[in-house]
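Keep in mind it's a predicted model, so treat the numbers as computed, not measured.
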Amino acid sequence: HVQLVESGGGSVQAGGSLRLSCAGSGYTDNMGRMGWFRQAPGKEREGVAVISSTGSTTLYADSVKGRFTISRDNAKNTMYLQMNSLKPEDTAMYYCAARRSWLGGMWFRPSEYEYWGQGTQVTVS
């Protein structure tokens, strides 16, 4: 089975940094499009950053542009999210998402992704 496991979350003060990792397993070929989503209590899940199958294309939510950087290492089946200049409004559960297809779809729509991790909590105070 395809499994995605997030790590690297924690509690930091405003202005601090965290690096999240998403380790994939259960597949030998490269996963297609992948991304990071987040969800705060009482709010809808929202896209944070998305990366193409090869890593050549990245897209960011306006709220994190210039502060977060998404990357992936296909040889290690791992995706990363470097988060700098964190703000209290970044507090949420962060989820790793993936899909087999690299064609079409709306990159920031959660329903476009068929594989999800269990999430890692990020708290900024």
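- In this structure, Thr58 and Ile51 approach most closely via the heavy-atom pair CG2-CG1, 3.7 Å.
- In this pair, Tyr113 and Phe37 present their aromatic rings perpendicular. The plane angle is above 60°, beyond the 30 to 60° band.
- Under the 6.0 Å distance and 45° angle rule, Arg38 does not count as a cation-pi partner of Tyr95.
- In this structure Asn30 satisfies the side-chain hydrogen bond (donor to acceptor under 3.5 Å, both in side chains) test with no other residue, sequence neighbours excluded.
- Here the OG-CG distance, from Ser7 to Leu20, works out to 8.0 Å after rounding to the nearest 0.5 Å.
- One distance of note links CD1 of Ile70 with OG1 of Thr57; it measures 11.5 Å at 0.5 Å rounding.
- In this structure, Thr120 contributes its side chain and Tyr94 its backbone to no donor-acceptor pair below 3.5 Å.
- Within the structure, the salt bridge (charged side-chain N to carboxylate O under 4.0 Å, His left out) test picks out the following pairs touching residues 103-119 (sequence neighbours left out): Arg99-Glu112.
- The 12-atom threshold is not exceeded at CD of Gln118, counting heavy atoms of other residues, nucleotides or ligands nearer than 6.0 Å.
- Remark: side-chain polar atoms of Glu6 are paired, donor with acceptor, to backbone N or O of Cys96 under 3.5 angstrom.
- A 4.5 Å side-chain heavy-atom check between Asp90 and Phe68 finds at least one atom pair inside the cut-off.
- None of Cys22, Ser53, Ser52 except one satisfies the side chain to side chain contact (heavy atoms under 4.5 Å, CB included) rule with Met34; the exception is Cys22.
- Listed for the Thr78 side chain is a donor-acceptor partner under 3.5 Å among the backbone atoms of Lys76.
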Report, one line per pair, each donor and acceptor closer than 3.5 Å where one atom sits in a side chain of residues 9-19; sequence neighbours left out.
| unit_1 | atom_1 | unit_2 | atom_2 | d |
| --- | --- | --- | --- | --- |
| Ser17 | OG | Asn84 | OD1 | 2.9 |

